[in-house]
Protein chains: 2
Amino acid sequence: MTTQQAITLAERMLRGEVFSEKCPSREILKHVTNRWGGLVLVALLQGMHRFSDLRRKLSGVSEKMLAQTLQTLEQDGFILRVSYPVVPPHVEYSLTPLGEELAKQLELLVDWIEINLPRILEAKKSGVASEYDE
Amino acid sequence: MTTQQAITLAERMLRGEVFSEKCPSREILKHVTNRWGGLVLVALLQGMHRFSDLRRKLSGVSEKMLAQTLQTLEQDGFILRVSYPVVPPHVEYSLTPLGEELAKQLELLVDWIEINLPRILEAKKSGVASEYDE
DNA sequence: CATAATACTTACCTTTTTGTACGTACTTAC
DNA sequence: GTAAGTACGTACAAAAAGGTAAGTATTATG
């Protein structure tokens with residue numbers, strides 16, 4: 001109990017305020033962890049992409065969602081959007097230095113999941129109920 | 001174009017199939033990146049917690065959502081739930097070895113965001129529109 | 001004897017997120 | 001002349017996620 005309290009205080013110093021509702025980091029975390037945000041960032045680690053390149057690469061995105069995702073990520077300063085006023089339209093998306101750092105963290109997470117998928121799927125099977133009495 | 005194609009193929013080998021809709025990793029990623037999943041995992045890095053410890057720590061969770069989150073994470077094999085049949089109820093939640101690895105990746109991500117929040121908020125301000133003609 | 005605490009579940013409702021289908025403006029290919 | 005490709009915007013609809021309030025059983029506390 002006292003221990004628990006002490007840990008809580010220690011965390012406040014170590015890790016800022018993600019645990020509290022009003023911290024702006026929650027907002028960023030949301031942009032990055034919604035359905036398409038993370039995928040877009042990781043995809044852009046491979047270099048510049050045009051809108052429809054991304055659309056084809058991320059199987060399942062609608063144009064609307066892709067556009068929306070790109071916009072919020074651009075506003076967050078993670079993505080650079082360069083549009084050439086030619087016809088047909090030509091727009092290039094790439095990561096900013098900030099975005100690249102973020103994307104690398106995300107890649108680690110995604111890679112971990114993919115690499116450990118066999119272990120995860122295996123662990124899933126076992127429906128062991130654990131009820132102990134003391 | 002040919003380059004683009006080649007990169008796409010290389011990625012398939014490097015990174016599995018997150019980009020494709022039907023990959024089970026998308027599902028796991030979802031559990032981990034929804035509103036409470038990630039926070040719970042990171043919180044549990046500090047050690048065992050009881051239900052209401054978590055409730056108090058994650059400001060803003062409802063009991064329903066916390067219970068639900070804990071259940072899916074338990075089913076994924078990331079969380080261990082041990083319940084003692086005493087009254088009042090006593091249930092302990094902790095990370096499995098698998099969950100701990102995952103949580104550490106998540107912590108890195110969350111920490112990056114928190115540490116770089118000043119840079120992010122600063123980058124956000126500048127509403128620079130970039131339209132170039134060639 | 002009413003209240004609080006524990007760890008939930010359930011029914012119901014609201015908010016958020018995501019998707020669908022279409023339109024735009026212009027050009028190239030068939 | 002019709003279709004396709006480009007990078008979106010917009011109205012509307014569907015789906016998913018999240019929240020609220022109440023209930024459950026039992027004990028301890030005032």
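At a threshold of 4.0 angstrom between heavy atoms, the contacts of A/Glu92 with the nucleic acid are absent. Residue contacts for A/Ser52: at a heavy-atom cut-off of 4.0 Å it reaches the sugar-phosphate backbone alone, with no base atom in range.
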Next on the checklist: Does B/Arg55 form a salt bridge (charged side-chain N to carboxylate O under 4.0 Å, His left out) with B/Glu63? I'd like the steps, not just the answer.
Outcome noted: CA-CA 7 Å; B/Arg55 228 217 126 170; B/Glu63 301 194 336; 3.3 Å; yes
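Nearer the 5' end of DNA chain D, as judged by each residue's closest nucleotide, is the contact made by A/Val87, out of A/Ala67 and A/Val87.
Relative to the side chain of B/Phe51, the nucleotides C/dA7, C/dT18, D/dC8 differ in distance, and C/dA7 lies closest. Nearest to the side chain of B/Val91, among D/dA7, D/dG5, C/dA7, sits C/dA7. The side chain of B/Arg50 lies closest to C/dT6 when the candidates are C/dT6, D/dT6, D/dC8. Comparing atom distances between the B/Pro89 side chain and each of C/dC8, D/dT20, C/dT6 picks out C/dT6 as nearest. Nearest nucleotide to the side chain of B/Arg81, out of C/dG19, C/dC8, C/dT6: C/dC8. Residue A/Lys64 has its side chain nearest to C/dT20 when only D/dG19, C/dT6, C/dT20 are considered.
The CD-P distance, from B/Gln68 to C/dC8, rounds to 13 Å in whole Å. Regarding A/Glu63, its CD atom lies at a distance of 11 Å from the C1' atom of C/dC22, rounded to whole Å. For the pair B/Met65 CE and D/dT20 P, the computed distance is 11 Å after rounding to whole Å. Between the NE2 atom of B/His49 and the P atom of C/dA7 there is a distance of 12 Å, given to the nearest Å.
Under the 30°/60° scheme for interplanar angles, the aromatic rings of A/Trp112 and B/Phe78 are found to be tilted.
A salt bridge links A/Arg119 and B/Glu101; the closest N-O separation between the charged side-chain nitrogens and carboxylate oxygens is under 4.0 Å.
A sub-4.0 Å separation between OP1 or OP2 of D/dG9 and a side-chain N or O of A/Gln71 is present.
In this structure, C/dT3 and D/dA28 make a Watson-Crick or G-U wobble pair, each of the two defining distances being under 3.5 angstrom.
For the atom pair CE of B/Met48 and CG of B/Leu54, the computed distance is 10.5 Å after rounding to the nearest 0.5 Å.
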